[in-house]
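Below you'll find the structure, written out as structure tokens, and then a few comments.
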Amino acid sequence: MSDVAKPEIQEADQKTQKMIVIDGHSMAFRAFYALPVESFLTASGQYTNAVHGFISMLLTMIREHHPTYVGVAFDLDTPTFRSQEYDEYKAGRNKTPEEFKGQIDLIRKVLEAMNIPTISMDGYEADDIIATLATIGEAADLKVLVVSGDRDAFQLITEKTTVLYPTKGVSQIPPMDAAAIEKKYFVQPHQYSDLAALVGETADNLPGVPGVGPKTAAKWINLYGGLEGILENVDEIKGKVGDSLREHLDNVKRNRRLNHLLRDLDLPVSLEALELEAPNREAIEEIFDTLEFNSLRKRIWDVFTEPEEEVEEEELPEPQTLTTADEISQWFHTEGSHVIGVHLVTEAPAENNPGMPDDVFALGLASEDQLAYIKLADLDPAADEALASALESASYKKAVHDYKLAYKQLQERGLTLGGVVDDTMISAYLIAPDRRSHALPDVAQHYLKMSLDLSEAESKGELDLGLETKDYSAQATRAAFVVRQLSLMLAGQVSERNAASLLDDLELPLSRVLARMERAGIAIDLPQLEVLNKDFTKVIDDAKSRAFEAIGHEVNLGSPKQLQVVLFEELELPKTKKIKTGYTTDAESLTELYAQTNHPFLGALMDYRDATKLKQTVDGLAKAIADDKRIHTTYGQTIAATGRLSSLNPNLQNIPVRSEEGRRIREIFVAGEGYETLLTADYSQIEMRIMAHLSGDEGLIEAFRSGEDLHRFVGSRVFNVSPDEVTPAMRSKVKAMSYGLAYGLSSFGLSKQLRISVDEARTLQKDYFQRFGGVRDFLRSGVEKARSEGYTETILGRRRYLPDLTSDNRQLREIAERVALNSPIQGSAADVIKLAMLHIQKEFDAQQVKSRMLLQVHDELVFEIAPGELEQIREIVTAKMGDAVEISVPLEVHIGIGKNWNAAGH
DNA sequence: GCAAAGACGTA
DNA sequence: CGTACGTCTTTGCG
């Protein structure tokens with residue numbers, strides 16, 4: 001078999017021809033709001049953003065789907081049968097923006113030049129035309145793609161018809177098929193209009209039944225089979241919503257009449273007229289000239305000159321389903337001499353249990369020339385055993401996407417995923433850490449040009465759409481195939497970038513460590529959490545009433561927009577820094593305003609802000625508590641471009657620590673049952689130490705070797721006094737300066753932060769570099785090296801590519817320069833603590849301790865200590881963190897011990 | 001329903 | 001005119 005797969009997942013049957021029908025007005029509107037109108041103004045004063053977006057979307061559709069037929073339907077301004085029946089229909093919509101006017105006509109002109117028919121009919125809406133076209137298309141046995149931003153189109157969805165419904169902008173339009181509708185609305189597509197009739201449609205000014213949302217409507221529809229059944233049994237429905245339904249039956253019936261699309265219009269065009277042909281070159285050139293479209297000019301000819309299908313099409317092999325122990329062992333035995341791609345199909349458990357992995361339902365496997373599918377529920381104990389041993393075995397080499405997740409998920413089933421030689425998510429991340437997403441569909445699209453729609457396979461099995469009834473072998477094995485292909489392809493780039501060791505020796509083993517930390521979670525003191533919630537609520541209420549008294553009327557203190565009115569119009573306070581929407585109301589400005597004016601409203605507002613922030617944090621934590629009374633965060637191993645971890649759901653890396661009240665939140669993180677205490681271990685000034693090492697600056701190295709307080713030492717050198725003569729003011733100045741170094745802080749920024757003049761800040765910088773010039777030289781030369789090589793590098797060789805370093809745009813270039821300054825430092829610190837974590841876990845396993853590592857907060861680790869192990873753990877942690885790497889200054893580690901995270905902190 | 005913007009917590 | 005993150009709320013579009 002070839003190693004090039006078909007690029008289109010939907011096109012199982014190549015012979016099926018496609019038809020695309022587009023709701024012109026709705027897509028033009030989407031395009032209008034998706035693109036900034038001010039960047040699309042021609043010399044003659046015509047706005048063209050909607051035209052540009054629309055045509056761009058259309059070209060993408062044509063390129064991706066190769067339709068045989070294309071048609072665009074437009075509404076007319078004349079009344080329709082709907083507006084005649086209900087004169088409020090679509091009333092209350094804001095009037096069309098001035099800039100949008102005329103763009104519809106331009107779109108029609110471009111379409112004409114492209115030889116794509118536009119269709120309108122007096123008295124009917126574009127939706128009815130589309131419904132009719134879809135009907136014609138289905139009758140002709142075509143696959144129909146309906147492109148519309150109107151949800152009424154969902155009723156058209158069938159086996160043959162898919163609706164492309166834009167959610168964000170017009171660049172990415174997810175296909176809505178029956179499964180997607182069921183997942184989102186819990187009804188069949190043909191029942192969607194019933195649902196919409198009950199719920200109402202604000203966009204069309206069609207009120208439904210008050211109190212009835214999509215959930216209730218879906219419940220009724222599933223109970224009675226549809227609107228008809230509901231109407232027959234309307235007296236059965238109990239409760240307030242039942243009364244509401246009976247009261248608003250007229251609304252519902254009217255909505256259903258109006259949202260029903262006509263499928264039998266007598267259209268002025270035939271199917272043949274919709275056949276896609278090449279654009280009229282002259283007409284295109286002319287209209288693109290007037291519209292000043294230049295990038296689209298190239299794209300349109302690219303799309304239309306593209307050969308039908310240049311790649312040799314070869315089907316993936318038919319997946320075999322493995323059920324018995326023999327089949328499984330045999331498959332791995334014969335196929336396992338090369339890397340096997342593994343993909344898990346999972347299902348969310350019925351009850352919400354935050355942070356806990358989904359249930360594994362099935363596995364897709366891909367070897368060099370075979371695909372296999374294993375449904376866990378179908379295995380007998382012997383087959384279970386065979387699978388467990390094959391999965392764990394290091395002699396069968398595996399590639400997965402998101403090893404940490406797969407490891408956790410399988411571990412819940414008692415299976416250990418071993419022999420993993422590649423995680424394509426991490427490989428993609430090491431190659432291009434700045435990319436937004438390293439999710440499998442995105443990586444597959446980017447590197448293999450393969451589209452992969454995991455939405456169905458990954459659907460969360462809501463309601464009773466159980467996975468049992470569906471066959472996921474095609475999706476799962478295709479994903480496994482993609483993972484395997486990606487692994488082969490990325491391996492080359494990983495080694496080109498010298499990242500092989502980073503992958504094999506750091507990130508992959510770290511995935512297992514992180515999986516265990518996530519699974520462990522951290523215990524929560526529930527009663528104390530309640531107390532905090534109450535306390536913070538009280539502070540909020542108090543601040544609210546003081547705010548009210550100060551200005552004499554209600555205002556939403558959470559709305560910066562409303563605050564601007566109060567502060568700068570009503571109270572006429574001095575204007576703060578300008579932002580997009582007016583003047584900022586951020587904490588810094590409020591503090592300054594308060595110092596100037598002493599206005600009681602400001603005091604109340606600041607208290608409100610502080611307390612709401614804390615309460616939000618507390619509430620967020622409460623929501624994240626799992627059944628085991630612990631919080632299980634998820635670490636992002638491929639998010640931060642510098643190499644740091646991130647923490648989400650919830651973020652445990654930004655739990656307050658600076659304020660007294662904030663630290664009370666840390667008190668709710670405690671040692672769990674069976675454990676004695678928490679232990680925290682943090683690196684002191686790790687970034688400064690790394691700077692000292694990387695720069696080789698003798699002064700700074702001496703500072704760390706002397707054991708003297710860093711800022712006192714630096715202060716004494718900068719201000720030419722003895723260490724004990726360094727005043728607190730001097731110390732805080734050099735401290736700010738030192739920290740600012742790694743961020744590329746300017747003298748302007750330094751002056752602002754220290755509330756000193758720019759001149760004084762400059763002098764400070766000069767004196768600082770007089771003594772610690774090696775640091776400055778290192779930072780400067782680092783940026784220059786990055787400019788010429790194209791990337792920065794950490795001590796473990798982790799690269800970050802920064803193309804903007806040579807940008808002509810000064811703004812972009814200067815940002816890239818600061819990034820280049822910071823990345824090696826922040827990234828090296830991340831490398832160091834990751835190494836330490838590996839070494840600690842290894843030692844824990846070797847010594848078989850019961851204590852465990854729970855959290856990482858960039859330069860800090862939190863451990864849960866089993867009875868009697870405190871000293872043993874303290875020694876391991878101190879030693880392993882202290883000599884994680886050999887650098888020219890000592891790595892100092894602070895240990896803290898306490899019943900809770902605050903008490904264990906320092 | 002969704003995305004942007006503003007605000008703010010951590011290292 | 002300070003790097004790196006995640007989360008919450010309001011707002012304004014649909």
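So that the names make sense, note that chain A is the first sequence line, chain B the second, and so on, each numbered from 1.
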Atom [atom1] of [X] to atom [atom2] of [N]: distance rounded to whole Å?
X: A:Asp586; N: C:dT10; atom1: CG; atom2: P; answer: 18 Å
X: A:Leu741; N: C:dA4; atom1: CG; atom2: P; answer: 17 Å
X: A:Leu563; N: C:dT11; atom1: CG; atom2: P; answer: 9 Å
X: A:Asp859; N: C:dC5; atom1: CG; atom2: P; answer: 17 Å
X: A:Met691; N: C:dG2; atom1: CE; atom2: C1'; answer: 13 Å
X: A:Met737; N: C:dT3; atom1: CE; atom2: C1'; answer: 16 Å
X: A:Ile665; N: C:dT7; atom1: CD1; atom2: P; answer: 15 Å
X: A:Ile825; N: C:dT3; atom1: CD1; atom2: P; answer: 13 Å

With respect to the side chain of [X], which nucleotide from [options] is positioned closest?
X: A:Ile639; options: B:dA11, C:dT3, C:dG6; result: C:dG6
X: A:Val657; options: C:dA4, B:dG9, B:dT10; result: B:dT10
X: A:Pro560; options: B:dA7, C:dC1, B:dA11; result: B:dA7
X: A:Lys580; options: B:dG6, C:dT3, C:dG14; result: B:dG6
X: A:Arg658; options: B:dA11, B:dA7, C:dA4; result: B:dA11
X: A:Asn556; options: C:dT10, C:dA4, C:dC1; result: C:dT10

Residue pairs meeting salt bridge (Lys or Arg N to Asp or Glu O under 4.0 Å), one or both in residues 685-694 of chain A, sequence neighbours left out, come to A:Arg644-A:Glu687, A:Arg689-A:Glu892
Report which part of the nucleic acid [X] touches: base, sugar-phosphate, or nothing (heavy-atom distance under 4.0 Å, all strands).
X: A:Arg810; value: nothing
X: A:Ala587; value: sugar-phosphate
X: A:Ser823; value: nothing
X: A:Ala830; value: nothing
X: A:Gly558; value: sugar-phosphate
X: A:Ile655; value: sugar-phosphate
X: A:Gln562; value: sugar-phosphate
X: A:Ser747; value: nothing
X: A:Arg644; value: base

So, [X] versus [Y]: side-chain donor-acceptor pair below 3.5 Å or not?
X: A:Glu518; Y: A:Thr634; result: no
X: A:Asn533; Y: A:Thr537; result: yes
X: A:Gln103; Y: A:Asn49; result: yes

Within residues 601-620 of chain A, those residues having any heavy atom closer than 4.0 Å to DNA chain B are A:Arg609, A:Lys613
Residues in side-chain hydrogen bond (donor to acceptor under 3.5 Å, both in side chains) with A:Ser589, at least two apart? A:Asp586
With sequence neighbours left out, write down each residue that passes side-chain hydrogen bond (donor to acceptor under 3.5 Å, both in side chains) with A:Tyr768, or none if nothing qualifies. A:Ser738
Between A:Ser647 and A:Lys561, just flag the one whose closest nucleotide in DNA chain C comes earlier from the 5' side. A:Ser647
Please tell me which of A:Leu648 and A:Tyr739 maps to the more 5' nucleotide of DNA chain C, matching each residue to the nucleotide holding its nearest heavy atom. A:Tyr739
Sidechain-backbone polar pair: A:Thr792 side chain, A:Pro824 backbone, donor-acceptor under 3.5 Å: no
For A:Tyr743 and C:dT3, are the ring centres under 5.5 Å apart with planes inclined under 30°? no
Non-neighbouring partners of A:Lys785 that pass side chain to side chain contact (heavy atoms under 4.5 Å, CB included), sequence neighbours left out: A:Glu789, A:Glu793
Is any N or O donor-acceptor pair between the side chain of A:Asn654 and the base of B:dG9 shorter than 3.5 Å? yes
Which residues pass the ring pair (Phe, Tyr, Trp, His ring centres under 6.0 Å) test with A:His632, sequence neighbours left out? none
